[in-house]
Visitor: 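Attaching a single structure in structure tokens format; questions to follow.
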Amino acid sequence: MSSFDESNYVTVPSPPFDTISSIRYHPSNPDQLLVSAWDTTVRFYEIGEPGGRKSEAKAKFDHRAAVLACSFNMDGTRAFSGGLDTSVRELDLGSEKISNLGTHSDSISSMTFARSTNSLITGSWDRTLRFWDPRAANAQTGSYTTPERIYSIDHVNHTLVVAMASRLFHIYDIRKMDTPAQQRESSLKYMTRSLACMPDGGGYATASVEGRIAVEYFDPSPAAQEKKYAFKCHRQTIGDTDHVWPVNALAFHPTYHTFASGGSDGTVSIWDHKVKKRLRQYPKFVGPVGALAFNCDGTRVAVGVGYMWDEGEEGMRSNQVTPWVGVRKVGDEVKPKSWTGN
């Protein structure tokens, strides 16, 4: 494999100084993104061009504890954040004002903004999903109990997928949250680490701490369920030893519907899930990949690198990794070989 070349990336200025938890691109501006991190910050960037317009750190929002999740609102003028301090915050990206919308009773692990209902959805280790409308007098508009701690959520159209502890998954119609439309057990044997919904609304991909990705479909019919599959990835045989790493991040391309995976092995791969093939693996990064995101027009991918605590404090001392966020332009490697423009 070729070695990592930072010149292929636009590196963000003033990156977080601890593990990056989430990267989210602006819904309509392909050059703006949010980065949340364990250093208790959410940072807002404008990404420049290699050799041209410089990247800019436009805003930084300080929190009381590590931030695990962030999201833009519908038009991208505001953002939201949540993490270990249990508060849901609205961030005004222009004035840098922070508003507290409410709290969970335990850490907030994940969030997603549903454009169809103009609502923020948060998931927590307190075993609840909560809906928020910052325009309302009481910002929390709904709370729904889940059977286990929530690790990750994502949605497409009106469908919300919730990944929980004990390998449980619930699938909801966000217009009818009183009961899940489907309850499933993960196809993977180990703890869920990442989740992403297909842009075409057909299903989702999920990944585990044990170097596997599963491709799942929403349609419960036997014919559709026969198409689901799982595969090994982010693994390497060194000598006689098989090394297996967690898959920390998944992101679907908005146009071609291929997806990227990032792992603690320090690699990012591009997959065509319809033909079950890897299209590309980028040169290995200097540390574990913890976060990924494609921008709204699919021309760039952002990668967050930093220590992921897979090997505890001992691993951090023996393999120090400086947190880094870089953005690269993507080319034909994200396009399925069978792509016809449909």
Visitor: Once you round to the nearest 0.5 Å, how far does CD1 of Ile121 lie from CZ of Phe131?
Guide: 4.0 Å

Visitor: Between Asp332 and Lys335, does at least one N-O distance fall below 4.0 Å, as a salt bridge requires?
Guide: yes

Visitor: Does NZ or CZ of Lys58 fall inside the cone over Tyr45's six-membered ring, less than 6.0 Å from its centre and within 45° of the axis?
Guide: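 The answer is no; the distance or angle limit is not met.
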
Visitor: Taking everything shown except Tyr144 itself, do over 12 heavy atoms lie less than 6.0 Å from its OH?
Guide: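 Counting other residues, nucleotides and ligands, OH of Tyr144 exceeds 12 neighbours.
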
Visitor: Ignoring hydrogens and geometry beyond distance, is a side-chain donor-acceptor pair present between Tyr282 and Glu333 at under 3.5 Å?
Guide: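 Judged by distance alone, the side chains do pair up.
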
Visitor: Looking only at heavy atoms, which two atoms of His155 and Thr112 are closest? And how far apart?
Guide: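 Closest pair (atom of His155, atom of Thr112, distance): ND1-OG1, 2.8 Å.
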
Visitor: Parallel, tilted or perpendicular for Trp245 and His243, by the 30°/60° rule?
Guide: parallel

Visitor: Trp324 vs Thr11, test: side-chain hydrogen bond (donor to acceptor under 3.5 Å, both in side chains). Steps then yes/no.
Guide: CA-CA 8 Å; Trp324 175 88; Thr11 301; 3.3 Å; yes

Visitor: Identify whether Ile20 and Leu84 are in the same connected component of the hydrophobic contact network (ILVMFWY, side-chain heavy atoms under 4.5 Å).
Guide: no

Visitor: Could you tell me whether Arg235 and Glu210 have a side-chain N and a carboxylate O separated by less than 4.0 Å?
Guide: yes

Visitor: State whether Tyr217 and Lys228 meet the cation-pi test: NZ (Lys) or CZ (Arg) under 6.0 Å from the six-membered ring centroid, and within 45° of the perpendicular axis.
Guide: no

Visitor: Under a 4.5 Å cut-off applied to non-hydrogen side-chain atoms, are Tyr25 and Leu34 in contact?
Guide: no

Visitor: Compare all side-chain heavy atoms of Thr146 with those of Leu129 and state whether any distance is below 4.5 angstrom.
Guide: yes

Visitor: A side-chain contact here means heavy atoms from C-beta on lying under 4.5 Å apart; do His104 and Val88 qualify?
Guide: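 Contact flag for His104/Val88 side chains = yes.
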
Visitor: Passes ring-ring contact (aromatic ring centres under 6.0 Å, His included), Tyr204 versus Phe218? Steps please.
Guide: CA-CA 8 Å; Tyr204 59 95; Phe218 293 135; 5.7 Å; yes

Visitor: Answer yes when Glu49 and Arg300 have at least one side-chain N-carboxylate O distance shorter than 4.0 Å, and no when they do not.
Guide: yes

Visitor: Would a line drawn from the ring center of Phe231 to the ring center of Trp271 be shorter than 6.0 Å?
Guide: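 Yes: the rings meet the under 6.0 Å criterion.
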
Visitor: Can Arg328 be said to sit on top of Tyr9's aromatic six-ring, NZ or CZ under 6.0 Å from centre and within 45° of the ring axis?
Guide: yes

Visitor: If you apply the rule side-chain hydrogen bond (donor to acceptor under 3.5 Å, both in side chains), what do you find for Ser261 with His234, and how did you get there?
Guide: CA-CA 9 Å; Ser261 65; His234 296 278; 2.8 Å; yes

Visitor: With the threshold set at 4.0 Å, does a side-chain nitrogen-carboxylate oxygen contact exist between Asp272 and Lys277?
Guide: no

Visitor: Do any pairs count as a salt bridge (Lys or Arg N to Asp or Glu O under 4.0 Å) and have a residue in residues 142-160, sequence neighbours left out, and if so which ones?
Guide: Arg127-Glu148

Visitor: Within a strict 4.5 Å, meaning less than it, do heavy atoms of the Ser14 and Arg43 side chains meet?
Guide: yes

